[in-house]
Amino acid sequence: MMGESAINMQTDSETLVRPQRPDRYDVKAVEKRWQMEWERQHLYTVGSAEDQPKFYCLEQFPYPSGHLHMGHVRVYTLGDVVARYRRMRGYRVLHPMGWDAFGLPAENAAIKSGVAPRVSTMANIAYMKSQMRQMGLSFDWTHEVTTSEPDYYRFTQELFLMFYERGLAYRKAGAVNWCPSCETVLANEQVEDGVCWRCEAPVTKRDLTQWYLKITDYAERLLQDLDGLDWPQDIVTQQRNWIGKSTGAEVVFRVPATGDAITVFTTRPDTLFGATYVVLAPEHPLVARLVADLPSQQEVQDFVARERVTSDIERTAETAEKRGIFTGAYAEHPLTGALVPIWVGNYVLADYGTGAVMGVPSHDERDFRFSRRYHLPAVTVVRPLGESGDGFEVTTEAYTGSGVLVNSAEFTGLDSEAAKTAIADRLWERRLGGLRVTYRMRDWLISRQRYWGAPIPIVHCTRCGVVPVPVSELPVRLPEKATFTGRGVSPLAQDEHWVRTACPRCGGTAQRETDTMDTFVDSSWYYYRYTSADSARPFDPHQVSYWMPVDEYVGGKEHAVLHLLYSRFFTKVLYDAGWVPAEEPFRRLLSQGMVVYHGKKMSKSKGNTLSPESIMDDWGSDATRVFMLFAAPPEKDFEWKEAGVEGAYRFLQRVYRLAVRDLQAEDGPDGSADATVRRLTARTVHKVSEDLNRRSFNTAVSALMEFTNGLYQHWSALSAEVHRQGLETLTILLAPFAPHLAEELWHELGHGQSVHLESWPDYDAGLLVDPEVEVAVQINGKVRFKMMVSAELDGDGLGAQALADTRMVSYVHGRQLVKLVTVPGRLVNVVVR
RNA sequence: GCCGGGAUGGCGGAAUCGGCAGACGCAGAGGACUUAAAAUCCUCCAAUAGGUGACUAUUGUGCGGGUUCAAGUCCCGCUCCCGGCACCA
């Protein structure tokens, strides 16, 4: 109650402060009117004319949190300008929107307030959709998808089954990332600096049997195909680093005492003769067997147990000490036959390479420190190229560079590169290893112990084991009621009625899988569903082959190795299954920067949030859009400034006043500025088109401002025809940026049809160059004066005219002309001595 | 440590292929209109020195070198900032 009256008072005082004036348009009324009109006309529903070239313009769909934030306003504005521009350029444009609607916040809200996730989600969607309408975004809502609805997630489940059939979905027991705050597991991509990407709680480890998607099978293709993408360099690099290809060799160390073999991975097989010990990760499966009958057994088991409870952050910290313990067992060096001790060490990662390394103290910094601490021997086997003779010996720090091999039997004298292959070849001959490529990327863990996600369509039968739910029985629906405790197990597991089911294979009693899928699975294929949102299949193959790939994808950088990597993986699997025609989903990517406020990223905890609705109320959607576009290039972060929106608002009002005045303008006295303004008009069309093609929205807006300034400057000397032509061109060019004002002006200009159905203007290329141009005259590289010349004047003529200029005399007097450089239309440089 | 991106007036930014650095906007100053203010329209606005002045000279794109008739842009060597990865064998 109190809040409401406060809001009313504010509205009243605003009306008092800002009364309507004849020289201003009523932003709110104009924007509202056209939003309703566009909707009535279904203006942005994709047309049926398949003879036009297609353009798929996509922006990352939001999680329906309840309100749009400034980041959303920026992405959707950028995408909307692209979509509107392409439509006017004659493309058939698909510009859909939908909801990434599964996720933890809805479930956490349910725990707190008792409102069912689906109820709060749907309410949030309704509100955010109204905000998008208020922004004047040209979405085609007939393609809307909501990932949490059964008619979407049944297909998410079907895709999971397709992955399962192709051997790309599997269950595995192991230590997994656990977020104690979200009470669920996380994929590797979702752990950033040891903390949960969503809630920033430190991630711990748990031993669980979980479902994975085999993204590692696609590592090489995901890496290779990066080359063909029109993506920003930093995103490509991040993906490349994440995949982390590394070329080296596998080396087998036999354990004579037990008959086992330890395989290690190394990128430096050339240093093999310097290997003086072998280290296993604490989690390595061989550890227990190796120590089984040794006196060290208890001690080693204690060490392993201790290391396994240490968190990843602690264990992988730069400063972490290298701890290890000798197992008491020995392995045989594959080429020298020497017995080397087998250690267990905390610095060896279980899930990279083979989970075991060879220790080469002289040529690896970690091994060097480890060997010093535990007094393990070191042998120098690589001599740097600069060093002469055999005297070189590693003493105070490891030498990790390449060079010439020493102390390496018959390989001595080879350079490192040659030795890598020579040694790998020898290992291969002896069946003790060979060349090998590994990747840093791990398989994608998709199980989540939460309710608000797509149930994994699997049944566990006591007789048949893991059985997929037949496609005909999809969707596996979420139970409508659930008990939300937020305690470590999926709420689905507590619903006995839901869990109990019949085995699809034998009909016996069975239990449903109670984990749901990571929401990144939902968002890995939504852009396919958009093309045919009402299809009875996951998507219509004809629509997909027509629309895909996405021509322009706009989104945030934070998804560089999350959504953008998963979607590429999904697309490759769909391609292999013959479901889609293209191997890459997003041809072109525009990754937009953050909107910063008071110097910091906006967040509730920092208390520096800005509400889009109040800004749009104050200044209107058009001004908000124009400022967003004008303030900075799209990929850069920018600081939200009230004065900046005000500037955009002023610009739009200025355009409006120009139109109102020019509509009443008589012929100027002589039309003497007609030619100038015709050229300015052509130049502006050219500039704005070029800028939109290269996504330089800020300079496009500035060109529109210059155009407006030019029309103001010359208005009294224009014929009525040029007045009108200038004004109509300005209105059309403004349409993608400020759609409401453009529409209003277009109708004021007497047109009955929407400006958004107009074609993008052409221009006469002959008008781009002024007949007279100003060229700079440099003497020895310094601009000394300028002169007006005909634009056609060639280099020789230009040089002659510059030298003949009276102002030239004082500069060249008594000096010798060394060189004359001319750039027609731009400058002359006279070099004298 | 490795990888990527960046540094331009008081501020956001522009300069697309090596060719007049600072477009456009914000802030600021002045003028017009007004009883006055706001709003609007017009003009000025890198620094330093000189000149009443139109102007002239010098310096200037993080720092130091280089290539070139000409460098914000290309090359070499640094500094700092932002982002990503990081005991990955």
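When reading the values below, keep in mind they use all heavy atoms of this one structure, side chains included, and skip hydrogens, waters and symmetry mates. Just so it is clear, the model here is predicted, and its values are computed rather than measured.
Distances were taken from every side-chain heavy atom of L827(A) (C-beta onward) to each of A14(B), U16(B), G19(B); the shortest belongs to G19(B). The side chain of D691(A) lies closest to U16(B) when the candidates are A23(B), A89(B), U16(B). Here the nucleotide nearest the side chain of R657(A), chosen from U40(B), A14(B), C20(B), is U40(B). Comparing C41(B), A39(B), A89(B) against the side chain of Y712(A) picks out C41(B) as the nearest. Comparing A89(B), U16(B), A14(B) by their nearest atom to the side chain of V357(A) picks out A89(B). Nearest nucleotide to the K687(A) side chain, out of U16(B), A89(B), G25(B): U16(B). For M705(A), the side-chain atoms get nearest to G25(B) when compared with the rest of C26(B), G25(B), A15(B). Of all nucleotides listed (C85(B), G25(B), A23(B)), C85(B) comes nearest to the side chain of W242(A). Closest contact between the side chain of N709(A) and the listed nucleotides A21(B), U16(B), G25(B) involves G25(B).
Take the nearest nucleotide of RNA chain B for V823(A) and for T267(A): the residue whose nucleotide is more 5' is V823(A). With the nearest nucleotide of RNA chain B identified for both Q238(A) and N698(A), N698(A) has the one nearer the 5' end.
For the pair N188(A) CG and G84(B) P, the interatomic distance rounds to 17 Å; values are reported in whole Å. The distance from atom CD of E250(A) to atom P of A89(B) is 14 Å, rounded to the nearest whole Å. Put simply, NE2 on H284(A) is 17 Å from P on A89(B), counting in whole angstrom units. Between F697(A) atom CZ and G13(B) atom P there is a gap of 17 Å when expressed in whole angstrom units. As rounded to whole Å, 12 Å separates atom C1' of U16(B) from atom CG of N693(A).
For CZ of R373(A), the number of neighbouring non-hydrogen atoms (other residues, nucleotides, ligands) closer than 6.0 Å is greater than 12. Surrounding CZ of R694(A) are more than 12 heavy atoms belonging to other residues, nucleotides or ligands, all under 6.0 Å away. Within a 6.0 Å sphere centred on CD of E397(A), heavy atoms belonging to other residues, nucleotides or ligands number 12 at most. Other residues, nucleotides and ligands place no more than 12 heavy atoms under 6.0 Å from the CD atom of E365(A).
Residue contacts for R240(A): at a heavy-atom cut-off of 4.0 Å it reaches no nucleic acid atom on any strand shown. Residue K782(A) is classed as a sugar-phosphate contact, given heavy-atom separations below 4.0 Å to backbone atoms only. Using a 4.0 Å heavy-atom cutoff across all strands shown, E774(A) reaches at least one base atom of the nucleic acid. Backbone-only engagement by P633(A) is indicated by non-hydrogen atom pairs under 4.0 Å involving sugar-phosphate atoms exclusively.
Looking at heavy atoms from C-beta onward, M358(A) lies in side-chain contact with T271(A) at the 4.5 angstrom threshold. Side-chain contact check for V357(A) versus F265(A): every heavy-atom pair is 4.5 Å or farther apart.
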Nucleotide N/O to protein N/O under 3.5 Å, stretch nucleotides 2-6 of chain B:
none

Could you list the protein-to-nucleotides 8-11 of chain B atom pairs, N/O on both sides, closer than 3.5 Å?
none

Detail all sub-3.5 Å separations between protein N/O atoms and N/O atoms belonging to nucleotides 53-57 of chain B.
from, atom 1, to, atom 2, distance (Å)
A57(B), OP1, R784(A), NH1, 3.4
A57(B), OP1, Y811(A), OH, 3.2

Write out a two-atom table: protein N or O, nucleotide N or O from nucleotides 65-69 of chain B, distance below 3.5 Å.
from, atom 1, to, atom 2, distance (Å)
C69(B), O2', N829(A), ND2, 3.0
C69(B), O2, N829(A), ND2, 2.7

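Comparing the same atom, C1', in A70(B) and in G19(B) gives a spacing of 7 Å after rounding to whole Å. The separation of C69(B) from G84(B), taken at their P atoms, amounts to 45 Å, rounded to a whole angstrom. Separation of the C1' atoms belonging to A47(B) and A32(B) is 31 Å when rounded to the nearest angstrom. G64(B) sits 16 Å from A71(B) when the P atoms are compared, rounded to a whole Å. To the nearest whole angstrom, the two P atoms, one in G22(B) and one in A38(B), are 32 Å apart. The gap from the P atom of U52(B) to that of U43(B) amounts to 28 Å, rounded to the nearest Å. One P atom belongs to A89(B), the other to C82(B), and the distance between them is 28 Å to the nearest Å. Distance check on atom P: C63(B) versus G10(B) gives 14 Å, rounded to whole Å.
Checked against the 6.0 Å centroid threshold, F370(A) and W343(A) count as a close aromatic pair.
Counting only N and O atoms by type, the side chains of H363(A) and Y399(A) include no donor and acceptor under 3.5 Å apart. A donor and an acceptor atom, one from each side chain of R306(A) and N346(A), are nowhere located under 3.5 Å apart. E189(A) and W242(A) are linked by a side-chain donor-acceptor pair at a separation below 3.5 angstrom, with hydrogens and angles left out of the test. Side chains of D618(A) and Y649(A): a donor-acceptor N/O pair is absent below 3.5 angstrom, by distance only. A donor-acceptor contact closer than 3.5 angstrom is absent between the side chains of Y763(A) and T681(A).
In terms of the salt bridge (charged side-chain N to carboxylate O under 4.0 Å, His left out) criterion, R440(A) has no residue partners (sequence neighbours excluded).
Phosphate contact (OP1/OP2 of A27(B), side-chain N/O of R650(A), threshold under 4.0 Å): present. For A89(B), the OP1/OP2 oxygens have a side-chain nitrogen or oxygen of Y352(A) closer than 4.0 Å.
Remark: R654(A) is positioned above the aromatic ring of Y712(A), its terminal NZ or CZ atom under 6.0 angstrom from the ring centre and at most 45 degrees off the axis.
Between atom CG of residue L565(A) and atom CD1 of residue I235(A) there is a gap of 11.5 Å, rounded to the nearest 0.5 Å.
The shortest non-hydrogen separation linking S790(A) to E772(A) is N-OE2, 3.8 Å.
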**OP:** Dot-bracket for RNA chain B, please, read 5' to 3', with Watson-Crick or G-U wobble pairs under 3.5 Å on both distances, ( ) within the strand, [ ] crossing, | other strand, . unpaired.
**Re:** (((((((..(((......[....))).(((((.......))))).(((((....)))))..(((((..]....))))))))))))....
